[in-house]
Every structure is written in C-alpha cells, then in structure tokens.
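Data block below; observations after.
Order of the sequence lines sets the chain letters (A, B, ...), proteins ahead of strands, with each chain counted from 1.
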2 protein chains.
Amino acid sequence: MNIYNSKEIDETIPVDEELTDLAEFFKIFGDKTRLHILFLLFSKPETGVNELSDVMSMHQTAISHQLKILRHMRLVTYRKEGRNVFYSLNDQHIHDILNIGMQHVQEAQK
Amino acid sequence: MNIYNSKEIDETIPVDEELTDLAEFFKIFGDKTRLHILFLLFSKPETGVNELSDVMSMHQTAISHQLKILRHMRLVTYRKEGRNVFYSLNDQHIHDILNIGMQHVQEAQK
DNA sequence: TTTATATATGAATATATGAACATATATAAC
DNA sequence: GTTATATATGTTCATATATTCATATATAAA
C-alpha cells in the first residue's frame with residue numbers, strides 16, 4: 001500500500017507501451033465534442049446520428065467522424081436498423097471516469 | 001437512477017462551459033510524458049526536475065514545460081529548496097482516474 | 001427506377017500541441 | 001565577483017487533430 005492507500009497502482013510505473021495505450025485512451029475524453037456525445041448517449045442510449053447532430057448543432061459529418069473514433073476505441077456500439085444507426089455506450093469505465101472528471105471540475109470552480 | 005445505477009451523472013448533460021473544462025482536464029492525461037511524470041510522482045513524491053528528466057531520458061526543458069502545464073491545472077505542487085524544486089501530486093482524483101484508465105487498458109489487451 | 005434520406009468517408013484546411021534549441025534566472029560553490 | 005548547477009521560459013518547427021466540404025453508399029419512399 002502506498003500513501004494513497006491503493007492496491008492497484010502502488011509503486012509500479014507502467015512500461016512504455018502501457019503509457020502509450022493509456023494516453024490514447026484518455027485522449028478520447030480530451031475533446032468537447034466527444035464528451036458531449038458520450039453524455040448524450042448516457043442520458044439516452046440508442047440515439048441516432050441525426051439526433052446527435054441536431055441536439056449538438058453540429059454538422060452530421062463532424063459527428064460521424066467522432067463516432068468513428070469512439071467506435072474504434074470501443075467506447076460505443078451501434079445497431080443498424082434500415083438506414084438508421086443507433087449508438088450506445090459500451091464501457092462501464094466511462095461512467096466512472098466522467099464522474100470523477102466532473103467532480104474535479106466542479107471542485108475547481110469553488 | 002439511470003441504467004448505469006449512478007446518482008451523479010443521471011440524465012444531466014453538462015453545459016457548454018462544463019464540457020470545455022472537462023475536456024481541458026482530461027486532455028492532461030492524454031499525453032505519455034505527463035502520464036509518466038504523474039506515475040513517477042506517485043511512487044516517489046518530492047521528486048526533483050533533474051531526477052525526472054534522468055529517469056525519463058528526456059530533455060530537462062521538455063519536463064519543465066510539462067510540469068508547468070501540470071502546475072497550472074493544479075495536479076502537482078512544488079516545494080523549492082535552494083535551487084532545487086521538488087514536485088508532488090496535488091489531487092486525490094488523479095489516483096482514481098489513473099486506476100480506472102489502467103484497468104481499461106489492461107482489459108483491452110485480453 | 002428515380003428520388004430522398006441517413007450515414008460514412010476522403011481530402012483540404014485551420015488550429016493545437018509537444019519537443020528541441022537558445023537563453024534567462026536564481027542559487028550555490030569557488 | 002566569477003563560475004557552475006538547477007530550473008524555467010520564449011520561439012520555432014514538425015506533427016496531430018478537428019472541422020468542413022464534397023462525395024460515396026445504402027436503404028426507403030415515391
């Protein structure tokens with residue numbers, strides 16, 4: 001146990017490849033558009049691309065590009081129905097991560 | 001309670017400014033160098049700049065630039081002693097966030 | 001089977017970002 | 001005071017990234 005009372009990280013420094021993967025993972029959350037999509041899928045799973053772009057007031061292509069990234073990082077899944085594609089979240093960790101981030105940001109404003 | 005059994009996020013979509021702040025916050029973790037520094041400060045608080053750059057095999061200036069960012073985002077603190085500057089972590093959330101990220105990355109490799 | 005709609009993709013462009021180099025500053029050693 | 005050491009900062013350059021525009025694809029409607 002280290003001073004932070006943790007079992008997971010302890011004194012272990014991730015190796016180079018792990019650091020790279022970790023950075024890639026966090027990078028996804030470092031963009032407003034992607035965060036917005038994730039929050040929207042939280043409150044309403046199975047949301048279509050057009051609805052996302054409507055709510056976010058952004059071009060459909062911009063949304064599709066970001067969804068592609070979220071898909072490749074396996075943070076969302078989709079279901080095709082005719083010409084519609086419905087997206088949903090695909091990772092339990094997202095929830096925890098967004099919560100901690102929100103807590104941090106909210107505390108920072110005090 | 002939403003389907004993810006959460007009290008914190010629920011159906012609430014952060015407003016534009018919150019999304020911006022949140023993205024800024026996560027962006028910090030989206031870089032290998034900064035992650036490495038954070039992990040090193042985890043395992044050894046009160047680490048000097050030279051030691052960091054030695055261990056990481058990177059130019060001291062590159063480390064200083066990243067430390068500046070970490071300082072401004074209040075993720076690290078420092079203590080000056082003569083011409084040495086010792087850095088430490090400054091946020092409990094970092095620990096949780098890094099842990100969740102590591103879990104995600106490790107699971108992704110299976 | 002032509003037209004409309006939903007979504008995806010490729011290319012171009014603008015902006016952001018990280019590292020290197022040069023240099024500044026501050027303190028310690030001589 | 002001069003030199004050496006530790007750290008910080010400004011600038012430049014290469015690269016990464018997000019958005020837009022144009023277009024492709026696939027399915028539904030007419």
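Here the side chain of Arg83(A) is nearest to one of dA29(D), dT17(D), dA19(C), namely dA29(D). Of the candidates dT7(C), dA19(C), dA18(D), the closest approach to any side-chain atom of Gln66(B) belongs to dA19(C). When the nucleotides dA11(C), dT7(D), dG18(C) are ranked by their closest atom to the side chain of His65(A), dA11(C) comes out on top. Of the candidates dA8(D), dC21(C), dT9(C), the closest approach to any side-chain atom of Ser64(A) belongs to dT9(C).
His59(A) places its NE2 atom 18 Å from the P atom of dT5(C), with the value rounded to the nearest Å. The distance between atom CD of Glu24(B) and atom C1' of dT15(C), rounded to the nearest whole Å, is 14 Å. Distance, Ile63(A) CD1 to dT9(C) P: 15 Å, rounded to whole Å. Distance, Asp31(B) CG to dT17(D) P: 11 Å, rounded to whole Å. Counting to the nearest Å, the C1' atom of dA18(D) and the CG atom of Leu70(A) are 13 Å from each other. Between the CG atom of Asp54(A) and the P atom of dT5(C) there is a distance of 14 Å, given to the nearest Å. The CZ atom of Arg79(B) sits 15 Å away from the C1' atom of dT7(D) (whole-angstrom rounding). For the pair Leu67(A) CG and dA8(C) C1', the computed distance is 10 Å after rounding to whole Å.
For the side-chain hydrogen bond (donor to acceptor under 3.5 Å, both in side chains) criterion with Tyr87(A), the lone passing option out of Arg71(A), Glu46(A), Glu51(A) is Arg71(A).
Between Thr33(A) and dT19(D) there is a side-chain polar atom (N or O) within less than 4.0 angstrom of OP1 or OP2. When the side-chain nitrogen and oxygen atoms of Asn50(A) are compared with OP1 and OP2 of dA6(C), one or more of them lie within a distance under 4.0 Å. Within the 4.0 Å cut-off from OP1 or OP2 of dT9(C), at least one side-chain nitrogen or oxygen of Arg71(A) is found. An OP1 or OP2 oxygen of dA6(D) is reached within less than 4.0 angstrom by no side-chain nitrogen or oxygen of Tyr78(B).
The residue Tyr87(A) sits close only to the backbone: its heavy atoms come under 4.0 Å of sugar-phosphate atoms, none of a base. No engagement by Lys80(B) is indicated, since no non-hydrogen atom pair under 4.0 Å with the nucleic acid exists. Contact annotation for Lys27(B): backbone-only contact, meaning every heavy-atom pair under 4.0 Å involves sugar-phosphate atoms and none involves a base.
Summarising the geometry, atom NZ belonging to Lys68(B) is positioned 14.5 Å from atom CE belonging to Met73(B); distances are rounded to the nearest 0.5 Å. The distance from the CD1 atom of Ile100(A) to the CD1 atom of Ile94(B) is 11.5 Å, given to the nearest 0.5 Å. The CG atom of Leu35(B) lies 10.5 Å from the CD atom of Gln66(B); values are rounded to the nearest 0.5 Å. The CG atom of Leu67(B) lies 11.5 Å from the NE2 atom of His72(B); values are rounded to the nearest 0.5 Å.
Residue Gln60(A) places no side-chain atom within donor-acceptor reach of the base of dA6(C), judged by atom type and a 3.5 Å distance cut-off alone.
Comparing Thr61(B) and Asn84(B) by the nucleotide of DNA chain D that holds the closest heavy atom to each, the one mapping nearer the 5' end is Asn84(B). When the nearest nucleotides of DNA chain D are assigned to Val49(B) and Ile69(A) by heavy-atom distance, the more 5′-ward of the two goes with Val49(B).
Under the 30°/60° scheme for interplanar angles, the aromatic rings of Phe42(B) and Phe39(B) are found to be tilted.
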